[in-house]
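Just follow the structure's listing: the first ligand is 1, and inside any ligand the first atom is 1.
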Amino acid sequence: MDHLIDKLRAKVTKASFNPDFIHHKWFVKYHLNIVEQIALELCDIYKNANRNLVKTLIWIHDYGKILGIRDGVEKITEVTAKLMEEIGFEQEFTDKAIQYLRIFESKMEFELTKAPIEVQITSSADAASHMVGPFYSLWWLESPHKTFEELMEDNKGKALKDWNRKIVLPEVKKAFENRNRFVMENSGDFPEKYLT
Ligand SMILES: [Fe+2]
């Protein structure tokens, strides 16, 4: 299984460096690698989680976005399943990963606290990674046509969605509470007091 996941990582990494993908300069280093690290730390806590499934979900969760697919989950799951089949994953494993990817994608309609632990880990790690490194600043860099107020509003919307819908594991909420407050403050949400 390890060599299949290595192949998956290599293929997604290669696709991420395609200059047609707007985030190609930083997406592996400042997003996918960080998501993977947080997710593997969570696997050390949630020992019943299937690590291979988590690693697979990490490397497929943004594959549709990397390819520039904007027209919904059907197309995304179709190309992702095709990628996994080409690499040589067993059909049963691919079907499960795709089923979990669909649950991951349904975060706005479905309460992810009720999702399988592998989905909860992937979703929590994905959202938490946005608070590490230059992620939010890169949105400003890549959207020069917007006013700074619009950029603040964009980041606030993303931070709220991440915090309220995507981060479902208590260990992540606890570890990232201060970072979340800082992101919200960067987006205009000021505290009443600064020292106490
Ligand atoms: Fe992501």
Between Asp95 and Gln99, do the side chains contain an N or O donor and an N or O acceptor separated by less than 3.5 Å? no
Residues Ser16 and His24: side-chain donor-acceptor under 3.5 angstrom: no
Might you confirm whether atom OH of Tyr194 has over 12 heavy atoms from other residues, nucleotides or ligands at distances under 6.0 Å? yes
Looking at His31, the N, O or S atom sitting nearest the Fe ion (ligand 1) is NE2
The Fe ion (ligand 1) has as its nearest N, O or S atom from Asp62 the atom OD2
Aromatic ring proximity Trp163/Phe176, centre distance under 6.0 Å: no
Does any N, O or S atom of His130, backbone or side chain, fall under 2.8 Å from the Fe ion (ligand 1)? no
If the Fe ion (ligand 1) is the vertex, what is the angle to NE2 of His61 and OD1 of Asp126, rounded to 10 degrees? 90°
